[in-house]
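Let me begin by presenting the structure, written as structure tokens, before commenting on it.
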Amino acid sequence: MSNETHILPNVSAAGLKALADAVLAPKMHAKLDDLLARNADGTLAAEEQKELDAIIEQIDELNLLKARAEYTLRQQDQPNGQ
């Protein structure tokens, strides 16, 4: 996979910095904490397990996007994109 597939084209430097610094919303973080605690206790209903899985998937996607934004910023800071 080439380096070009990892960059985020057409995103401003300010947008890239915002993405790189993005965090999970406090409300979602609280929900995650609750679901994780109840999962550890073994008290999650099947629907709640699906919700927990969906939140974890969103976090994974956010982390990948943040990494791509950081990579793109580093590439832009290097002379000639090297």
Side-chain angles (χ1 to χ4, degrees):
M1 187 177 286
S2 72
N3 287 345
E4 289 78 28
T5 60
H6 298 293
I7 64 169
L8 295 172
N10 304 318
V11 180
S12 68
L16 290 168
K17 289 175 185 173
L19 284 172
D21 293 338
V23 295
L24 194 60
K27 183 177 179 179
M28 184 66 73
H29 199 285
K31 183 68 174 178
L32 174 65
D33 287 345
D34 175 58
L35 290 171
L36 286 172
R38 291 192 294 124
N39 186 55
D41 292 340
T43 60
L44 277 187
E47 194 61 35
E48 292 172 319
Q49 183 64 54
K50 288 180 186 177
E51 184 178 10
L52 176 59
D53 291 343
I55 293 171
I56 291 171
E57 186 174 339
Q58 287 175 356
I59 292 168
D60 288 345
E61 289 294 325
L62 177 61
N63 286 334
L64 287 172
L65 186 57
K66 289 174 58 141
R68 288 181 68 193
E70 290 170 1
Y71 178 81
T72 302
L73 284 168
R74 283 195 310 272
Q75 293 301 305
Q76 290 176 350
D77 288 342
Q78 293 181 5
N80 300 324
Q82 299 290 320

Fill in: side-chain hydrogen bond (donor to acceptor under 3.5 Å, both in side chains) against D34, all qualifying residues, sequence neighbours excluded
R38

Fill in: Non-hydrogen atoms of A20 and A69 that approach each other most closely
N-CB, 3.9 Å

Worksheet, complete the sentence: In terms of heavy-atom contacts, A22 and L62 come closest through CB-CD1, 3.9 Å

Response to the item:
CG of L35 to OG1 of T43, rounded to nearest 0.5 Å, is 9.5 Å

Worksheet item: Distance from R68 atom CZ to L19 atom CG, nearest 0.5 Å?
Response: 10.5 Å

Fill in: Value rounded to 0.5 Å, distance of CG in L24 from CD1 in I59
5.0 Å

Discussion item. Per the side chain to side chain donor-acceptor pair (under 3.5 Å) rule, what does the pair list look like for residues 11-29, sequence neighbours excluded?
Written reply: H29-D33

Worksheet entry | Spacing of L65 atom CG and E70 atom CD [to the nearest 0.5 Å] | 10.0 Å

Worksheet item: For D53, what residues pass the side-chain hydrogen bond (donor to acceptor under 3.5 Å, both in side chains) criterion, not counting sequence neighbours?
Response: Q49

Practice prompt. Could you walk me through whether Q75 and T72 pass side chain to side chain contact (heavy atoms under 4.5 Å, CB included), step by step?
Written response: CA-CA 5 Å; Q75 293 301 305; T72 302; 5.6 Å; no

Worksheet entry | Interatomic distance, Q58 atom CD to D60 atom CG [nearest 0.5 angstrom] | 10.5 Å

Response to the item:
Rounded to the nearest 0.5 angstrom, the CD1-CD distance for I55 and E51 is 5.0 Å

